[in-house]
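Below is one structure, written out as structure tokens, with a few remarks after it.
All values reported here derive from a predicted model rather than from experimental measurement. In what follows, chains are A, B, ... by sequence order, proteins preceding strands, each numbered from 1.
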Number of protein chains: 2
Amino acid sequence: MYEEKEGLEVTAEDLYKQKDKMYVATDCIIFGFDSGSLKLLLFRRRVSPLEGNWSLIGSFVKLNEDVGTAAKRVLEEITGLKDVYMEELKVYGAADRDPGFRCISIAQYALIRLNEYDRELVKEFGAEWFDVNELPELVLDHEQMVRDALDKLKQKARLQPLGFELLPEKFTIPQLQNVYEVIFQKELDPRNFRKKVLSHNVIVKLEEKDKSSSKRGAFLYQFDKDRYQKLIQKGNDFEVW
Amino acid sequence: MYEEKEGLEVTAEDLYKQKDKMYVATDCIIFGFDSGSLKLLLFRRRVSPLEGNWSLIGSFVKLNEDVGTAAKRVLEEITGLKDVYMEELKVYGAADRDPGFRCISIAQYALIRLNEYDRELVKEFGAEWFDVNELPELVLDHEQMVRDALDKLKQKARLQPLGFELLPEKFTIPQLQNVYEVIFQKELDPRNFRKKVLSHNVIVKLEEKDKSSSKRGAFLYQFDKDRYQKLIQKGNDFEVW
DNA sequence: TCAAAAGTGTTGTGGCTACACCCATGC
DNA sequence: GCATGGGTGTAGCCACAACACTTTTGA
């Protein structure tokens with residue numbers, strides 16, 4: 001593998017010099033939840049080729065920057081949000097994925113609370129929220145990234161309480177159920193859903209009601225991160241639903 | 001994010017020129033299974049700094065090479081094996097992870113059938129198999145990579161039939177159980193294990209017996225990839241054990 | 001008073017866990 | 001004939017799916 005001569009010390013420096021460098025980018029698949037459907041944040045590409053086409057938000061990783069930091073930077077620039085749930089999706093590393101320049105991309109996906117974000121900023125960047133079921137055509141391999149992200153989201157959401165990341169701090173159980181119905185693309189039974197969610201003992205009922213979607217109103221709940229942490233530390237192998 | 005001037009067309013070429021390039025490497029976490037324990041393939045680093053220390057097998061990704069291909073190339077050079085189960089683990093992209101040079105690493109893990117591989121090649125490369133419970137100290141962030149790979153292996157093995165990748169084509173049920181006991185780090189009940197494995201209908205009993213580990217001998221089985229494919233295509237959400 | 005969403009219990013089933021003994025064979 | 005690992009069946013329990021009606025309240 002390394003073809004150095006026997007007996008001579010080969011330093012990392014010698015070795016690295018013969019090697020190829022390339023661009024490293026990160027693309028962000030940013031999910032939000034609004035009025036009953038899962039949304040994806042897209043923007044119009046500002047550079048040619050493919051200028052004006054819809055694409056994911058991306059950026060190049062700088063030399064002195066962690067890969068994860070790069071993605072958080074992009075997300076904050078565009079939405080103004082910090083401390084967002086964000087996770088690595090996958091590396092897109094095909095040699096020919098970007099025409100002209102060798103560039104690998106580390107896709108990361110984020111879940112954000114739509115009500116918290118600064119809509120102005122998003123507009124400034126030529127960005128727009130799309131229903132995940134009505135996406136436009138995307139540049140390069142971004143469509144594949146979105147498909148992969150949706151799959152991973154489904155998978156993860158079964159074992160980790162991701163639903164809360166997409167809702168405001170206070171939410172109703174029907175709202176939460178709605179989030180999961182959208183993620184899993186199927187209807188859930190309200191009785192079973194409520195039972196299961198409450199059984200884990202990680203959401204707390206408040207006194208207030210939300211009357212925005214019914215006359216009777218639904219009680220608000222809050223996620224209790226501490227209780228959740230304790231649960232999983234106990235090794236509770238926690239299937240959310 | 002992109003700081004081009006309004007109104008002017010900015011090409012990808014213009015844009016890319018201002019950006020940083022870096023080294024992209026891949027490190028392989030290579031698992032094998034032998035005499036009742038899970039093994040990891042390590043080799044002695046041949047370049048300074050840290051020359052002579054144990055490390056994972058890695059390589060730089062070439063400009064005209066897919067990231068996945070790079071890992072497969074390394075694996076084949078060292079073990080002589082092709083068509084091995086291999087999957088992306090995670091990106092290690094901290095700015096300071098490699099002293100001196102900015103280099104991100106895409107870790108990938110592989111499962112190989114120890115009996116098939118060419119032991120000579122492994123020796124040539126200064127490589128050695130270690131029991132995963134008795135690993136030496138490793139360079140850089142390689143210990144973290146191994147921990148992460150073990151976690152992922154555990155997780156994946158629950159939902160996908162990975163155990164077969166570590167065994168020869170023909171294997172006995174006690175052997176298979178042993179693989180899973182080693183991966184999950186706990187003992188399994190032989191009656192329940194057998195029942196579950198057979199219930200999926202993806203392994204086929206042969207007439208032959210293996211007598212290498214008991215006088216009575218145990219029947220050999222074979223994994224039936226077609227049946228497995230059909231099962232998961234039917235949406236059978238398949239928890240292996 | 002009625003429409004619309006919130007909230008509540010029970011029952012059957014299937015899958016998991018736990019558990020103990022006989023079988024085949026080589027020495 | 002005995003030691004060693006291979007192979008089998010059952011019973012209790014729990015988690016899940018399926019399913020229908022009452023409550024609240026604004027209009």
Side-chain angles (χ1 to χ4, degrees), chain A residues 35-37 157-159 161 163 167 170-182 184-222 231 234-241, chain B residues 35-37 157-159 161 163 167 170-182 184-222 231 234-241:
Chain A
S35 46
S37 73
R158 262 183 52 185
L159 298 168
L167 289 172
K170 300 173 181 182
F171 53 86
T172 68
I173 291 183
Q175 274 165 20
L176 186 63
Q177 178 177 339
N178 196 217
V179 169
Y180 280 95
E181 288 180 332
V182 166
F184 296 139
Q185 305 262 40
K186 70 173 181 193
E187 296 199 344
L188 302 172
D189 181 290
R191 288 166 294 221
N192 294 337
F193 183 82
R194 179 178 294 266
K195 234 179 302 168
K196 187 92 182 263
V197 171
L198 291 173
S199 76
H200 294 124
N201 242 328
V202 295
I203 64 175
V204 182
K205 189 176 184 175
L206 305 175
E207 287 311 309
E208 317 162 58
K209 280 191 166 184
D210 172 296
K211 296 208 165 192
S212 62
S213 71
S214 80
K215 294 155 188 167
R216 177 176 174 181
F219 279 104
L220 287 163
Y221 288 77
Q222 231 173 343
L231 248 188
K234 263 194 257 165
N236 257 19
D237 204 22
F238 213 110
E239 175 150 345
V240 189
W241 23 81
Chain B
S35 48
S37 71
R158 263 183 51 186
L159 299 168
L167 290 173
K170 299 173 181 182
F171 53 86
T172 68
I173 290 183
Q175 275 165 19
L176 186 62
Q177 178 176 340
N178 195 217
V179 169
Y180 280 94
E181 289 179 333
V182 167
F184 297 139
Q185 304 262 38
K186 71 174 180 191
E187 297 199 343
L188 301 171
D189 182 290
R191 288 167 292 224
N192 295 336
F193 183 82
R194 179 179 294 266
K195 233 179 303 168
K196 187 91 182 263
V197 171
L198 291 174
S199 75
H200 295 124
N201 243 328
V202 294
I203 65 175
V204 182
K205 189 176 184 175
L206 306 175
E207 288 311 308
E208 316 162 58
K209 279 191 168 185
D210 172 295
K211 297 208 166 189
S212 61
S213 70
S214 80
K215 294 154 189 167
R216 177 177 175 181
F219 280 103
L220 288 162
Y221 287 77
Q222 231 173 342
L231 247 189
K234 263 195 256 164
N236 258 18
D237 203 22
F238 213 110
E239 175 148 345
V240 190
W241 26 83

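When all heavy atoms of Y221(B) and R194(B) are compared, the pair lying nearest together is OH-NH1, 4.2 Å. Nearest heavy-atom pair, I203(B) versus F171(B), reported as atom, atom and distance to 0.1 Å: CG2-CZ, 4.1 Å.
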Exercise for the section: Decide yes or no on side-chain contact (heavy atoms from CB on, under 4.5 Å) for L198(B) and I173(B), but give the supporting numbers first. Expected result: CA-CA 9 Å; L198(B) 291 174; I173(B) 290 183; 4.1 Å; yes
Problem - Residues E181(B), N178(B); criterion side-chain contact (heavy atoms from CB on, under 4.5 Å); working and verdict - result: CA-CA 5 Å; E181(B) 289 179 333; N178(B) 195 217; 3.9 Å; yes
Are there any protein N/O atoms within less than 3.5 Å of an N/O atom in nucleotides 9-15 of chain D, and if so, which ones and at what distance?
{"from": "dT10(D)", "atom 1": "O4", "to": "K195(B)", "atom 2": "NZ", "distance (Å)": "2.8"}

So which protein N/O to nucleotides 25-27 of chain D N/O distances come out below 3.5 Å?
{"from": "dG26(D)", "atom 1": "OP1", "to": "K211(A)", "atom 2": "NZ", "distance (Å)": "3.3"}

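Regarding F193(B), its CZ atom lies at a distance of 12 Å from the P atom of dT17(C), rounded to whole Å. Remark: C1' of dG6(D) and CD of Q177(B) are 11 Å apart, rounded to the nearest angstrom. Computed from coordinates, the H200(B) NE2 to dC16(C) C1' distance equals 12 Å when rounded to whole Å. Between the CD atom of Q175(A) and the C1' atom of dA5(C) there is a distance of 13 Å, rounded to whole Å. At whole-Å resolution of the value, CZ in R194(B) and P in dT17(C) are 17 Å apart. Rounded to an integer number of Å, the gap from D210(A) CG to dA4(C) C1' is 15 Å. F219(B) has its CZ atom 19 Å from the P atom of dG5(D), to the nearest Å. Atom NZ in K205(B) sits roughly 14 Å away from atom P in dG6(D) (whole-Å rounding).
Once rounded to the nearest 0.5 Å, the distance linking NZ of K195(B) with CG of D189(B) reads 7.5 Å. Put simply, OG1 on T172(B) and CZ on F219(B) are 11.5 Å apart, with the number rounded to the nearest 0.5 Å. In this structure, NZ in K205(B) is found 14.5 Å from CD in Q222(B), a value given to the nearest 0.5 Å.
Residue T172(B) is out of contact with every strand shown, counting any heavy-atom pair closer than 4.0 Å.
Distance alone, capped at 3.5 Å, is enough to place a donor-acceptor pair between the Q177(B) side chain and the L188(B) backbone.
The environment of NZ in K170(B) is sparse: at most 12 heavy-atom neighbours from other residues, nucleotides or ligands sit within 6.0 Å.
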